[in-house]
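Only heavy atoms go into these numbers, but all of them, side chains included; no hydrogens, no water, no symmetry mates.
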Amino acid sequence: GVALESKSLLSLIRIWGTDPSLTQPLLGEDVKTTKSFNATLGSLLSLSRPDVPYLTLGFIGGCGSALGNSLIPYYSGKIVDAAAIEHDHDMFFSNIKLLAVSAVFCAATT
């Protein structure tokens with residue numbers, strides 16, 4: 001338990017104290033970098049070029065899901081209006097159908 005955890009903590013402290021790459025410089029010391037990276041947005045986007053079809057499909061699916069999730073409360077409100085305020089039987093069932101289509105669309109794109 002505790003003895004094992006304290007031993008592993010002490011070994012980590014020893015590693016941090018001896019490995020210069022794990023220590024931070026003191027105030028006033030210059031930090032010398034051995035490598036300089038010139039990563040541009042174009043070079044970062046080129047790394048994702050093989051995944052463009054998957055990213056596009058995911059983006060379109062996310063937009064479809066957001067649209068479906070925003071239509072569900074809209075059609076729920078129209079159903080309440082048709083049932084309680086206007087007492088329109090045809091409008092009620094047409095909004096039920098549109099709500100079901102919106103829910104299926106949302107589920108398919110999620």
Looking at [atom1] of [X] and [atom2] of [Y], how far apart are the two atoms once the value is rounded to the nearest 0.5 Å?
{"X": "M91", "Y": "I85", "atom1": "CE", "atom2": "CD1", "result": "10.5 Å"}
{"X": "N69", "Y": "S102", "atom1": "CG", "atom2": "OG", "result": "8.0 Å"}
{"X": "Y54", "Y": "S48", "atom1": "OH", "atom2": "OG", "result": "14.0 Å"}
{"X": "I72", "Y": "F105", "atom1": "CD1", "atom2": "CZ", "result": "11.0 Å"}

| query | What heavy-atom pair brings S65 and T109 nearest, and what distance separates the two atoms? | reply | N-OG1, 3.1 Å

| task | Heavy atoms only: give me the nearest S43-S46 pair and the separation to one decimal. | result | O-OG, 2.7 Å

Identify whether [X] and [Y] are in the same connected component of the hydrophobic contact network (ILVMFWY, side-chain heavy atoms under 4.5 Å).
{"X": "L98", "Y": "F93", "value": "yes"}
{"X": "L71", "Y": "I79", "value": "yes"}
{"X": "L67", "Y": "L99", "value": "yes"}
{"X": "F92", "Y": "Y74", "value": "yes"}

| message | I60 vs L57, test: side chain to side chain contact (heavy atoms under 4.5 Å, CB included). Steps then yes/no. | response | CA-CA 5 Å; I60 291 171; L57 183 66; 5.6 Å; no

| With no hydrogens and no angle check, is any side-chain donor or acceptor of T110 less than 3.5 Å from a backbone partner on A107? | no

